[in-house]
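Hydrogens, waters and symmetry mates play no part in the numbers below; they use all other heavy atoms, side chains included.
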Amino acid sequence: MSEHLNNSSVEGKKSLNFIEQIVETDLAEGKNDGRIQTRFPPEPNGYLHIGHAKAICIDFGIAQRYGGVCNLRFDDTNPVKEDVEYVDAIREDIEWLGFKWGNVYYASDYFQKLYDFAERLILEGHAYVDEQTAEQIAAQKGTPTVPGVASPYRDRPAEESLDLFRRMNAGEFEEGAMILRAKIDMASSNMHFRDPIIYRIIKHAHHRTGHDWNVYPMYDFAHGQSDYFEGVTHSICTLEFEVHRPLYNYFIELLRKDNYAPRQIEFNRLNLTYTMMSKRKLLQLVKDGLVAGWDDPRMPTICGYRRRGYTPESIRSFIDKIGYTKYDGIIDVALLEHAVREDLNKRATRVSGVIDPVKLVITNYPEGKVEQMTAVNNPEDESAGTHTIPFARELYIEREDFMEDAPKKYFRMTPGQEVRLKSSYIVRCTGCKKDEQGVVTEVYAEYDPMTLSGMPESNRKVKGTIHWVSAEHSLSAEVRLYDRLFTDENPSDVKDKTLEEMINPDSLKVLTHCRVEPFLADAAVGAHFQFQRIGYFTVDRDSRSGALVFNRTVSLKDSWQKTQQKA
């Protein structure tokens, strides 16, 4: 224990977030015999999104920092919505983010213990079976300033409730016919104490227990007890569970038989601009075919970010930047984009890719001649080395890098002006050819053979440098340009539009006539590249031999960093 405290004192107390401060205080006071145990408890009813990544980082991070253990526990108490597909995806996402769990548990592991505890509550007068409809119960709840009205079944004999509860589980009653409620306080100022439902009838096969059970515990009943059964010391949740904490503690007080009790701590959830975090609405996007699945690179799911080319390091860095507080807010998605640029700048290999090609003919370059130009793989990393790119008489350049009638401060290719072709020669534009519609089909230039690196004129100053690929040697590629999925800054708050109406029509542009250098012929799925002057890209899983597909992870322009510099 002292070792952890010493480490943190070297780092400085100011670097600790409020959760770490609580943990260090508990360690200093010798609580739980110096033991640290956390858990990440997802419900397997959908894929994890970026908000879950924030929870994963603190749950696993606290355990790592203080020599404890973080277990993975699937909160599988609603068989209607849960699936093994989601269980497998959640495990994959956690491992991809770089974390390892101690043990894997399921709330369903505790169904018998929870059921036994419910029977005990009935016998001790803390619970009863209610036969009212959901609407009747809601009408009796009252308001925060008006006490609730007791159910007519509230004082039924314990033996009668116990018999009904057992028959509920035996399958004698239909869904909605009866529920089990905790008997607490219908006048409590905390609405969660007004006889909350703790069990309901669900006649649906469970992904692990099949048809063994016909009654299933509610989250508020199962969660805290599962923490207790496992020995969790710090149960870290998002802020919406703060009002549930007294109920969490209430049930544990009735359950526990010693001094140990898990401590619930709440932090602010992650809200991002132009991003939807509701699992229900994300599921709707998938089911309605508005996106191409859970791993569509426009989705805020962890698997979506992975497919788009985000790295686990960039996501962890982003979460570290925003930190953990007790105040909800909304984070500019540009900060997440800044984090991935920062990371990919260090690791991505620089290559030439032309996404809107027009042919450039160097008229004074020998026909049939091919030179291998040396290209630096990553100027940020000398150990990354170099590769070669073939240079020939006919090249492709970006259409936007040529302008026939250019304004004064246009420093790319225009008649009479010199530019450098990256990693090769300086060329002077001499003109262009157009089709009948006036569209430029070829650009012409002459090169100066004395301007290659090491030659006498190589240091001649020109204001523009453009990228290129060889027309003969380059490879065809499909490039998918992704942008924000929603046009509204806070889509969760929009009430007067359907999901379809909120989608950004420019969130995906597919370019099928792109050209990339031959170095990329064997690029592996998931490999990261910087297309020079365009952005960061990754190889998509749709790629096949001879049919490369690249996803743009993020453009080179960094609006967040510019905002910070102005501030």
Participant: Can a salt bridge be assigned to the pair Asp116 and Arg120 using a cut-off of 4.0 Å between side-chain N and carboxylate O?
Facilitator: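 So Asp116 does not pair with Arg120 through a salt bridge.
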
Participant: In terms of relative ring orientation, are Tyr260 and Tyr228 parallel, tilted or perpendicular, with 30° and 60° separating the classes?
Facilitator: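 Correct class here is parallel.
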
Participant: Any carboxylate oxygen within less than 4.0 angstrom of a Lys/Arg side-chain nitrogen, looking at Glu175 and Arg200?
Facilitator: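 The answer is no: the pair does not qualify as a salt bridge.
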
Participant: What distance do His244 atom NE2 and Glu240 atom CD have between them, rounded to the nearest 0.5 Å?
Facilitator: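 Those atoms lie 7.5 Å apart.
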
Participant: Is it true that Thr311 and Ser314 share a donor-acceptor pair across their side chains at a distance under 3.5 Å?
Facilitator: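 On atom types as modelled, these side chains qualify, holding a pair under 3.5 Å.
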
Participant: Let's go through Asn103 and Asn71 carefully: what are the C-alpha distance in whole Å and the side-chain angles of both, what is the deciding distance for side chain to side chain donor-acceptor pair (under 3.5 Å) to 0.1 Å, and is it a yes or a no?
Facilitator: CA-CA 5 Å; Asn103 300 286; Asn71 293 318; 3.2 Å; yes

Participant: Is the shortest distance from a Lys or Arg side-chain nitrogen in Arg480 or Asp542 to a carboxylate oxygen in the other one below 4.0 Å?
Facilitator: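 Result for this pair is yes, salt bridge flagged.
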
Participant: Under the salt bridge (Lys or Arg N to Asp or Glu O under 4.0 Å) definition, can you give me all pairs with a residue in residues 37-49, not counting sequence neighbours?
Facilitator: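 Only Arg39-Asp59, Arg39-Asp227 qualify under salt bridge (Lys or Arg N to Asp or Glu O under 4.0 Å).
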
Participant: Are Tyr110 and Phe229 an aromatic pair, judged by ring center distance below 6.0 Å?
Facilitator: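 Yes, close enough.
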
Participant: Test salt bridge (Lys or Arg N to Asp or Glu O under 4.0 Å) on Asp320 and Arg316 and set out the steps.
Facilitator: CA-CA 6 Å; Asp320 189 52; Arg316 294 201 308 266; over 6 Å; no

Participant: Establish, from distance only, whether the side-chain atoms of Glu82 and Tyr86 form a donor-acceptor pair under 3.5 Å.
Facilitator: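 There is no such pair between these side chains.
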
Participant: How close do Pro246 and Asn190 get, counting heavy atoms only, and between which atoms?
Facilitator: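 Closest pair (atom of Pro246, atom of Asn190, distance): CG-ND2, 3.6 Å.
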
Participant: Has the side chain of Tyr324 got a donor or acceptor atom that lies under 3.5 Å from a matching backbone atom of Lys54?
Facilitator: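 A pair under 3.5 Å: yes.
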
Participant: One thing to verify: whether Lys321 and Glu342 come together as a salt bridge, which I'm taking to mean a side-chain N less than 4.0 angstrom from a carboxylate O.
Facilitator: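 A salt bridge links Glu342 with Lys321.
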
Participant: For Arg341 and Tyr536, work out which heavy atoms get closest and say how close.
Facilitator: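 Closest pair (atom of Arg341, atom of Tyr536, distance): O-OH, 4.0 Å.
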
Participant: With Asp88, which residues qualify under salt bridge (charged side-chain N to carboxylate O under 4.0 Å, His left out), at least two apart?
Facilitator: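 Salt bridge (charged side-chain N to carboxylate O under 4.0 Å, His left out) list for Asp88, sorted by chain: empty.
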
Participant: Can you tell me if Thr233 and Arg35 form a side-chain donor-acceptor pair at under 3.5 Å?
Facilitator: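 Their side chains do not contain a donor-acceptor pair, so the 3.5 Å distance test is not met.
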
Participant: Say whether Asp76 and Ser108, considering side chains only, have a donor N or O and an acceptor N or O under 3.5 Å apart.
Facilitator: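 Distance-only check passes for Asp76 and Ser108.
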
Participant: Do other residues, nucleotides or ligands put more than 12 heavy atoms under 6.0 Å from the NZ atom of Lys497?
Facilitator: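 Result for NZ/Lys497: enclosed.
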
Participant: Could you check Ser507 against Arg298 for side chain to side chain donor-acceptor pair (under 3.5 Å), going step by step and ending with a plain yes or no?
Facilitator: CA-CA 7 Å; Ser507 62; Arg298 295 168 294 175; 2.9 Å; yes

Participant: Please check this pair: side chain of Asn78 against backbone of Val80, looking for a donor-acceptor N/O pair closer than 3.5 Å.
Facilitator: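 Indeed, once roles are kept as given, a pair shorter than 3.5 Å links the two residues.
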
Participant: With rounding to the nearest 0.5 Å, note down the distance linking CG in Leu121 to NZ in Lys183.
Facilitator: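 Rounded to the nearest 0.5 Å, the CG-NZ separation comes out at 12.0 Å.
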
Participant: Give, for atom CG of Asp195 and atom CG of Asp185, the distance between the pair rounded to the nearest 0.5 Å.
Facilitator: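 So the gap between those two atoms works out to 8.0 Å.
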
Participant: Under a 4.0 Å threshold between the charged nitrogen and the carboxylate oxygen, would Arg269 count as salt-bridged to Asp328?
Facilitator: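 No, this pair does not count.
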
Participant: Does a donor on one side chain sit under 3.5 Å from an acceptor on the other, for Glu24 and Tyr66?
Facilitator: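 Checked: Glu24/Tyr66 side chains pair up, N/O donor to acceptor below 3.5 Å.
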
Participant: Do side-chain atoms of Gln140 reach the backbone of Ile137 as a donor and acceptor pair under 3.5 angstrom?
Facilitator: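 The answer is no, because no donor-acceptor pair under 3.5 Å joins these two groups.
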
Participant: Do other residues, nucleotides or ligands put more than 12 heavy atoms under 6.0 Å from the NZ atom of Lys81?
Facilitator: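 No, not enclosed.
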
Participant: Counting only heavy atoms not in Lys509, do more than 12 fall under 6.0 Å of its NZ?
Facilitator: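 For Lys509, atom NZ is not crowded (no more than 12 foreign heavy atoms under 6.0 Å).
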
Participant: The test is side chain to side chain donor-acceptor pair (under 3.5 Å); show your working for Tyr219 and His223 and say whether it passes.
Facilitator: CA-CA 6 Å; Tyr219 179 87; His223 187 75; 3.1 Å; yes

Participant: Verify the distance criterion only: is there a donor paired with an acceptor across the side chains of Thr498 and Glu500 at less than 3.5 Å?
Facilitator: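 Thr498 vs Glu500: no donor-acceptor pair found between side chains.
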
Participant: Under the 3.5 angstrom rule, does the side chain of Gln37 hit a backbone N or O of Pro262 as a donor-acceptor pair?
Facilitator: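 Looks like no, no N/O pair under 3.5 Å.
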
Participant: Start with the C-alpha distance between Phe60 and Thr38, add both sets of side-chain angles, then the distance that settles side chain to side chain contact (heavy atoms under 4.5 Å, CB included), and finish with yes or no.
Facilitator: CA-CA 7 Å; Phe60 285 90; Thr38 60; over 6 Å; no

Participant: Under 3.5 Å, side chain of Asp483 to main-chain N/O of Asn504, donor-acceptor pair present?
Facilitator: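 No, because the side chain of Asp483 does not come within donor-acceptor range (under 3.5 Å) of the backbone of Asn504.
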
Participant: Roughly how far apart are Leu283 CG and Tyr47 OH, rounded to 0.5 Å?
Facilitator: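 Between Leu283 CG and Tyr47 OH, I get 11.0 Å after rounding to 0.5 Å.
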
Participant: Under 3.5 Å, is there a donor-acceptor pair linking the side chains of Gln21 and Asn17?
Facilitator: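 Asn17 and Gln21 do not have a side-chain donor-acceptor pair below 3.5 Å.
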
Participant: So, taking the atom named OG1 in Thr273 and the one named CG in Asn271, what distance separates them when rounded to the nearest 0.5 Å?
Facilitator: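 Rounded to the nearest 0.5 Å, the OG1-CG separation comes out at 10.5 Å.
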
Participant: Is a side-chain donor or acceptor of Thr133 paired with a backbone partner of Gln136 at a separation under 3.5 angstrom?
Facilitator: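 At least one qualifying donor-acceptor pair exists.
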
Participant: Got a donor-acceptor contact below 3.5 angstrom from the Ser235 side chain to the Arg263 backbone?
Facilitator: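 No, because the side chain of Ser235 does not come within donor-acceptor range (under 3.5 Å) of the backbone of Arg263.
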
Participant: Report the residue from Asp296, Asp93, Asp295 that forms a salt bridge (Lys or Arg N to Asp or Glu O under 4.0 Å) with Arg306.
Facilitator: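 That would be Asp93; it is the only one of Asp296, Asp93, Asp295 passing the salt bridge (Lys or Arg N to Asp or Glu O under 4.0 Å) with Arg306.
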
Participant: Using the salt bridge (Lys or Arg N to Asp or Glu O under 4.0 Å) rule, take Arg156 and Asp130 through it: C-alpha gap first, then chi angles, then the decisive distance, then the call.
Facilitator: CA-CA 9 Å; Arg156 76 188 325 163; Asp130 196 332; over 6 Å; no

Participant: Kindly indicate, with the supporting measurements, whether the criterion salt bridge (Lys or Arg N to Asp or Glu O under 4.0 Å) is fulfilled by Arg484 and Glu337.
Facilitator: CA-CA 11 Å; Arg484 289 153 195 187; Glu337 293 165 350; 3.1 Å; yes

Participant: Is the closest basic N to carboxylate O distance between Arg307 and Asp540 below 4.0 Å?
Facilitator: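 Salt bridge: yes.
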
Participant: Tell me if a side-chain donor or acceptor on Arg194 pairs with a main-chain N or O of Ser189 at a distance below 3.5 Å.
Facilitator: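 Such a contact is absent between Arg194 side chain and Ser189 backbone.
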
Participant: Quick one: salt bridge (Lys or Arg N to Asp or Glu O under 4.0 Å) pairs with a partner in residues 242-252, sequence neighbours left out?
Facilitator: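 Passing the test, one end in residues 242-252: Glu242-Arg245, Glu242-Lys326, Arg245-Glu266.
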
Participant: Any chance the rings of Phe193 and Tyr250 have centres within less than 6.0 Å?
Facilitator: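 Yes, the ring centres sit under 6.0 Å apart.
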
Participant: Give the intermediate values and the outcome of ring pair (Phe, Tyr, Trp, His ring centres under 6.0 Å) for residues Phe221 and Tyr199.
Facilitator: CA-CA 8 Å; Phe221 186 69; Tyr199 266 91; 5.8 Å; yes

Participant: If you measure from CD1 on Ile198 to NE2 on His126, what distance do you get to the nearest 0.5 Å?
Facilitator: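 The CD1 atom of Ile198 sits 11.0 Å away from the NE2 atom of His126.
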
Participant: Indicate yes or no for a side-chain donor-acceptor contact from Thr538 to the backbone of Gly526 under 3.5 Å, with no hydrogens or angles considered.
Facilitator: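 Yes, Thr538 side chain to Gly526 backbone: donor-acceptor pair under 3.5 Å.
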
Participant: Given Met277 and Ser492, is the side chain to side chain contact (heavy atoms under 4.5 Å, CB included) satisfied, shown in steps?
Facilitator: CA-CA 8 Å; Met277 296 292 193; Ser492 298; 5.6 Å; no

Participant: Apply side chain to side chain donor-acceptor pair (under 3.5 Å) to His234 and Asp26, showing your working.
Facilitator: CA-CA 10 Å; His234 298 82; Asp26 288 349; 2.8 Å; yes

Participant: Only one of Trp213, Phe74, Phe111, Tyr106 forms a ring-ring contact (aromatic ring centres under 6.0 Å, His included) with His206, so which one is it?
Facilitator: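 Looking at Trp213, Phe74, Phe111, Tyr106, the match for His206 under the ring-ring contact (aromatic ring centres under 6.0 Å, His included) is Phe111.
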
